[in-house]
Structures are given as structure tokens and as C-alpha cells.
Amino acid sequence: MASMSSLISPPNLTKLSFKPQLKQPFLQILQPNLPKNLILSSRPRKLRLSVAAEERTSTVASPSSEADRRLYIGNIPRTVNNDQLKQIVEEHGAVEKAEVMYDKYSGRSRRFAFVTMKTVEDANAAIEKLNGTEIGGREIKVNITEKPIAQVDLSVLQAEDSLYVDSPHKVYVGNLAKTVTSDTLKKFFSEKGKVMSAKVSRLPGTSKSGGFGFVSFSSEEEVEAAISSFNNSMLEGQQIRVNKA
């Protein structure tokens with residue numbers, strides 16, 4: 001005869017336990033479209049979302065800014081164009097782009113350029129190998145470009161440039177001292193003739209002189225007179241070059 005206890009608790013049921021198996025399948029039901037690299041971790045008091053380490057580091061800053069890779073190359077021959085300059089510099093490092101600067105009035109090369117290298121190492125190698133060397137008989141200057149002056153009011157500079165009166169009768173004035181302004185240039189050339197206008201070109205985005213300028217006249221005779229009178233003369237401590245623009 002069966003005991004009373006066996007009737008109350010059947011033997012095949014006493015060892016059964018119920019543990020919910022709600023892990024990954026349950027989470028997938030709740031969030032079926034979660035990215036694989038989004039990890040869900042449950043805690044007794046809250047649900048925490050954490051992004052995988054590779055997601056956090058996927059956006060890596062470039063090893064160097066463009067300013068650190070951008071070279072100024074000065075005193076280049078007027079005949080050198082972008083492609084030719086790129087070929088010259090590429091012998092010493094990978095070049096991203098090369099830009100020869102041209103005067104917007106005359107279309108002539110301003111005898112300097114900017115070259116952006118692929119890496120800082122390429123830029124340093126180009127400086128070491130090219131600075132002080134010659135291109136077309138001219139000794140070039142190669143260095144990292146200076147950052148534009150943050151405080152310069154470009155609207156004032158643009159207004160000053162807009163006052164320049166262009167003319168087919170004008171001269172190019174090179175090797176100007178950094179202290180020479182447009183007014184200084186105009187007054188200097190006005191000593192021996194009637195000047196329509198004068199301007200000193202600046203490095204892009206700055207108030208710094210590019211070391212050259214233009215003086216416009218009303219006739220070809222005045223141009224010839226200016227070249228004859230002022231070529232190789234001294235202006236603020238430097239011997240200037242004057243020729244037809």
C-alpha cells in the first residue's frame with residue numbers, strides 16, 4: 001500500500017525546476033534590427049547599451065592636417081606650370097596637388113606656388129631636398145606655408161584692391177621690401193610721372209606682401225619712362241626690378 005507522502009508528491013515531479021531561457025533569442029525578438037556591433041548587456045537595475053570598441057575607433061583623425069603638408073615654393077620661373085612643378089616635387093615625395101599662383105589682371109605667373117604633399121614626411125623631404133636649389137636658373141625657396149593671420153579684416157583688404165585701376169599700360173615691380181604698401185609704391189613712381197594706380201600683391205588670405213606689385217599708367221610712353229627711371233633703383237632698402245607687365 002502506497003504511503004501518504006507518495007500520494008501527495010509524485011516522485012517524477014519533485015525534481016523538476018523551471019528556469020527561463022531568455023537570453024539572445026529574447027533580445028533578438030525585442031530588437032530584431034540591432035547592428036551586430038551593438039552589444040546589449042543586462043543588469044539587475046537597468047539595461048545598458050555599449051558600442052563595440054571597433055565602432056568607437058572607426059573614425060580616426062587624419063595623421064596630419066593639410067596645413068602641415070602644404071608647401072610654399074617661391075621664386076620659380078614664370079614658365080613653370082602646375083604639371084611641371086608637380087613633376088619636379090614628385091621626385092622627392094608624393095604630391096596631392098600643385099598650384100602656381102597667377103595674377104588675375106595680367107595672367108602672368110606670380111613666381112610662387114603652393115604644393116600639398118600626401119604626408120608630413122613627404123613635405124619634410126621636399127623641403128630638405130629642394131630648398132635653395134635652382135629651377136630654370138632661379139634659386140627657389142621651399143618651406144611650410146604660414147597660417148593666415150586670424151585677425152586680418154579681409155573686407156578692408158578687398159576694398160583696397162578694388163580701388164586699383166587696371167590698365168594695358170603697366171609695369172611689374174619685383175623684389176619689394178615687405179614694408180612697402182600700395183600707397184608707398186604709388187608715391188615712389190609718381191616722382192617722375194603720372195601714375196594712374198598702384199598695388200602691392202599679398203599672400204592669399206593675409207595682409208603680408210607677396211614681394212611684388214603693379215603700377216598702371218595711361219600710355220606706353222609712361223611705361224617706358226618708368227622702366228628707364230626705376231629699374232634697379234632702391235626702395236626702402238631693396239633694389240627693385242621694373243619691367244613691362
In terms of heavy-atom contacts, Phe217 and Val171 come closest through CE1-CG2, 4.0 Å
Closest non-hydrogen atoms of Ala98 and Asn82, given as atom of the first, atom of the second and distance, are O-CG, 3.4 Å
Note: Ala226 and Val242 closest approach over all heavy atoms is O-CG1, 4.3 Å
So OG of Ser219 and NE2 of His169: to nearest 0.5 Å the spacing works out to 6.5 Å
Beyond-backbone contact of Val80 with Ser109, side-chain heavy atoms, under 4.5 angstrom = no
Here the pair of heavy atoms bringing Phe212 nearest to Gly174 is CB-CA, 4.1 Å
Interatomic distance, OG@Ser182 vs CZ@Arg202, rounded to 0.5 Å, equals 5.5 Å
Q) Any side-chain heavy atom of Leu176 sitting closer than 4.5 Å to one from Leu235? A) yes
**Request:** Check step by step if salt bridge (Lys or Arg N to Asp or Glu O under 4.0 Å) holds for Lys194 and Glu222.
**Result:** CA-CA 8 Å; Lys194 186 177 180 180; Glu222 291 174 326; over 6 Å; no
Heavy-atom distance under 4.5 Å between the side chains of Lys186 and Met196, does that happen here?
-> no
Contacts satisfying ring pair (Phe, Tyr, Trp, His ring centres under 6.0 Å) that involve residues 81-104 (not counting sequence neighbours) are none
For this session: Please test Lys118 against Arg69 for side chain to side chain contact (heavy atoms under 4.5 Å, CB included), starting from the C-alpha separation and ending with a verdict.
Result: CA-CA 7 Å; Lys118 289 287 182 67; Arg69 299 178 284 112; 5.6 Å; no
Check: Between the main-chain N or O of Ser197 and the side-chain N or O of Ser216, is there a donor-acceptor pair closer than 3.5 Å?
Finding: yes
Exactly one of Ile73, Leu85, Ile88 clears side-chain contact (heavy atoms from CB on, under 4.5 Å) with Ile140, and that residue is Ile73
Kindly indicate whether the side chain of Asn131, heavy atoms from C-beta on, has any atom under 4.5 Å from the side chain of Asn143. no
We want to know whether Glu224 and Ser228 form a side-chain donor-acceptor pair, criterion being a heavy-atom distance below 3.5 angstrom. no
| said: Over 60° means perpendicular and under 30° means parallel, so tell me whether Phe214 and Tyr172 are parallel, tilted or perpendicular. | reply: perpendicular
query = With side chains defined as the heavy atoms from C-beta onward, is the minimum distance between Ile135 and Pro77 less than 4.5 Å?
reply = yes
CG (Leu185) and CD (Glu236) are apart, to the nearest 0.5 Å, by 10.0 Å
### Query
Has the side chain of Thr119 got a donor or acceptor atom that lies under 3.5 Å from a matching backbone atom of Asp122?
yes
What one should report as the nearest heavy-atom pair of Arg110 and Asp103 is CG-N, 3.5 Å
CD of Glu66 to OG1 of Thr116, rounded to nearest 0.5 Å, is 4.5 Å
Test side chain to side chain contact (heavy atoms under 4.5 Å, CB included) applied to Met117 and Val115, step by step: CA-CA 6 Å; Met117 307 300 288; Val115 176; 3.8 Å; yes
To the nearest 0.5 Å, atom OG1 of Thr179 lies from atom CD of Gln238 at 7.5 Å
Nearest heavy-atom contact between Ile76 and Ala113 is CD1-CB, 4.1 Å
Do Asn231 and Arg241 pass the side chain to side chain contact (heavy atoms under 4.5 Å, CB included) test, and can you show the C-alpha distance, the side-chain angles, and the key distance before you say yes or no?
-> CA-CA 5 Å; Asn231 188 38; Arg241 299 188 307 272; 4.2 Å; yes
- Hey, are Asn75 and Arg138 close enough side-chain-wise for a donor-acceptor pair under 3.5 Å? yes
*So Ile227 and Lys244, side chain to side chain contact (heavy atoms under 4.5 Å, CB included) or not? Walk me through it.*
CA-CA 8 Å; Ile227 294 172; Lys244 286 185 179 181; 3.7 Å; yes
Practice item. With the side chain counted from C-beta on, respond yes when Ile144 and Ile127 share a heavy-atom pair under 4.5 Å apart, and no when they do not. Key: yes
*asked:* In the structure I gave you, are the side-chain heavy atoms of Gln84 and Asn81 within less than 4.5 Å of one another anywhere?
replied: yes
>> So Phe189 and Val173, do their side chains get closer than 4.5 Å, heavy atoms only?
In response: yes
CZ of Phe114 to NZ of Lys97, rounded to nearest 0.5 Å, is 11.0 Å
Check: With no hydrogens and no angle check, is any side-chain donor or acceptor of Ser229 less than 3.5 Å from a backbone partner on Ala225?
Finding: yes
